[in-house]
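In what follows, a single structure is set out as structure tokens and then discussed.
Keep in mind that what you see is a predicted model, and the values were worked out from it rather than measured. Values reported hereafter were calculated over all heavy atoms of this structure, with side chains retained and with hydrogens, waters and symmetry mates removed.
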Amino acid sequence: MPLRGTPRIANRLLKRVRDFAEVKGDGKITGKIAQYALDALEVDKSGLDRMDRRILLAIIEKFSGGPVGIDTLAVAVSEEIDTITDMYEPFLIQSGFMARTPRGRVVTEHAYKHLGKAAGRKEKGQGELL
């Protein structure tokens, strides 16, 4: 699983996994307990959490894969612009799920595959303007 690159997030996840080990196990962190905790915390095998997936799905479903501006994306996922650009975007870009272009953010083929979406297909409600 790619790392976020910030000790704060790694430490938060480790503490949560430790909590699960104490409540659901004998206090020792095992592979089974760690997987159980990450599943409960909605962190997938690629390291994406719920907000990562919300961002990618918003670009795919609401903006046909992009490009979309950061202001519009922030409104679509109800998150602050700075939080997206500082916390989520670097990991999504480094992991190959999203790219930043001069016209805005776009999802990559990797994101479509990971989320089980068909690439290049217009989602419902995304008609062409005449």
Nearest heavy atoms of [X] and [Y], plus distance in Å:
X	Y	result
Ile84	Ala74	CD1-CA, 3.6 Å
Ala34	Val17	CA-CG1, 3.9 Å
Ala76	Phe63	CB-CE1, 3.9 Å

Main-chain N/O of Asp49 paired with Asp52 side-chain donor or acceptor, under 3.5 Å: yes
Ser95 (side chain) donor-acceptor with Leu92 (main chain) under 3.5 angstrom: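 Absent.
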Hey, could you give me each pair passing salt bridge (charged side-chain N to carboxylate O under 4.0 Å, His left out) that has a residue in [range]? Not counting sequence neighbours.
range	result
residues 6-17	none
residues 64-75	none
residues 89-107	Glu89-Arg100, Glu89-Arg105

Set of side chain to side chain donor-acceptor pair (under 3.5 Å) partners for Asp39, sequence neighbours left out: Gln35
Glu22: side chain to side chain donor-acceptor pair (under 3.5 Å) partners, not counting sequence neighbours: none
Could you list the residues that satisfy salt bridge (charged side-chain N to carboxylate O under 4.0 Å, His left out) with [X], not counting sequence neighbours?
X	result
Glu79	none
Arg18	none
Arg54	none

Measuring from atom [atom1] of [X] to atom [atom2] of [Y], what distance do you get when rounded to the nearest 0.5 angstrom?
X	Y	atom1	atom2	result
Ile33	Leu38	CD1	CG	11.0 Å
His110	Phe97	NE2	CZ	3.5 Å
Thr85	Ile93	OG1	CD1	10.0 Å
Ser46	Arg53	OG	CZ	9.5 Å
Leu48	Phe91	CG	CZ	5.5 Å
Leu73	Met98	CG	CE	7.0 Å

Trace of the side-chain contact (heavy atoms from CB on, under 4.5 Å) decision for His114 with Leu56: CA-CA 10 Å; His114 183 75; Leu56 295 173; 5.8 Å; no
Val68 and its side chain to side chain contact (heavy atoms under 4.5 Å, CB included) partner, picked from Val107, Val106, Ile59: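 Output: one option passes, namely Ile59.
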Any pair counted as ring-ring contact (aromatic ring centres under 6.0 Å, His included), so long as it reaches residues 22-50, sequence neighbours left out: Phe20-Tyr36
Leu57 vs Val77, side-chain contact (heavy atoms from CB on, under 4.5 Å): CA-CA, chis, key distance, verdict: CA-CA 10 Å; Leu57 286 170; Val77 296; over 6 Å; no
Cluster link Val75 to Met87, ILVMFWY, side chain under 4.5 Å: no
